[in-house]
Amino acid sequence: MPAISDGRSMAPSAIPLPTILPEDQARADFYALLARLYADPPDAGLLIAIAHASSLDAAPSAADNAPALGLPAAWDALRAASAATNSVAVRLEYDDLFIGVGKCEVNPHASHWLTGFMMEKPLAELRATLATLGLARREGVNLLEDHVAALFETMRMLIAGNGERPPASVAQQRAFFRPPPRTLDCVNAAAQ
């Protein structure tokens, strides 16, 4: 279940929504996958789907034999890791990293990375920003809005729209996802 909601039904709208470009749909799909991977450890079905997913075309490089960089390389590494593991091992690693006993190794909340504490001013500011966009935490969801999974889910919704909600403009997307320094340090820390 998504962590962020626009409070509307997911029923199809009577008003036709704009079709988004394939590259925007691809961006939204990657944000959805990232949100899912940071919200909970992947189950066996998701690991299999990722492992069997197609490779991404790398942009041509100046050197023919240069290693792939950026998103295509990261995607291939994720595909390979998904093929080489199982859901039990991934759950244990996820729990060690993001849940822990007493204290997690990597805290996935922006407030922690910005202030060193949970439930601080950055969370309140984010809630105000979400309210201006007509978004809020979905009822019954325990993830805070500043959890990296919720931030990725919000970006997915801004890019692709949701039910009756049209996609946000690129300017709105950029304004929302211009993370302050250190906000996504948890993503980098998890990769270490």
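The figures here come from the full heavy-atom set of this structure, side chains too, leaving out hydrogens, waters and symmetry mates.
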Is a donor on one side and an acceptor on the other found under 3.5 Å between the side chain of [X] and the backbone of [Y]?
X	Y	value
Gln173	Ala168	yes
Thr85	Ala81	no
Gln172	Ser169	yes

Compare all side-chain heavy atoms of [X] with those of [Y] and state whether any distance is below 4.5 angstrom.
X	Y	answer
Leu114	Glu120	no
His112	Met119	no
Leu151	His147	no
Phe176	Met155	yes
Pro167	Asp24	no
Arg156	Asn162	yes
Arg137	Arg127	yes
Thr19	Gln25	no

Just list the side-chain donor-acceptor pairs under 3.5 Å for residues 128-135, sequence neighbours left out, or say none.
residue: Thr129; atom: OG1; partner: Glu125; partner atom: O; Å: 3.1
residue: Thr132; atom: OG1; partner: Thr129; partner atom: O; Å: 2.6

Enclosure of Asn86 CG (heavy-atom neighbours >12, cutoff 6.0 Å):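 Correct, the count exceeds 12.
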Flag if over 12 foreign heavy atoms under 6.0 Å of CE, Met118: yes
Nearest-0.5 Å distance that lies between atom CG in Leu33 and atom OH in Tyr31: 12.5 Å
Hydrophobic cluster identity match, Val106 and Val90, side-chain contacts under 4.5 Å: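 No: no chain of side-chain contacts under 4.5 Å links Val106 to Val90.
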Parallel, tilted or perpendicular, as decided by the 30° and 60° cut-offs, for the rings of Tyr38 and Phe98: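 It falls in the perpendicular class, over 60°.
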Ser111 side chain to Asp146 side chain, donor-acceptor N/O pair below 3.5 angstrom: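 Yes, a side-chain donor-acceptor pair sits under 3.5 Å.
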Residues which pass side chain to side chain donor-acceptor pair (under 3.5 Å) with Arg79, listed by chain and number, not counting sequence neighbours: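 Partners of Arg79 by the side chain to side chain donor-acceptor pair (under 3.5 Å) criterion, ordered by chain and then number, come out as Asp76.
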Salt bridge present between Arg91 and Asp95 (N-O < 4.0 angstrom): yes
Ring pair (Phe, Tyr, Trp, His ring centres under 6.0 Å) partners for Phe30, two or more places apart: Trp75
Distance-minimising heavy-atom pair for Pro42 and Leu47: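 Result for this residue pair: CG-CD2, 3.7 Å.
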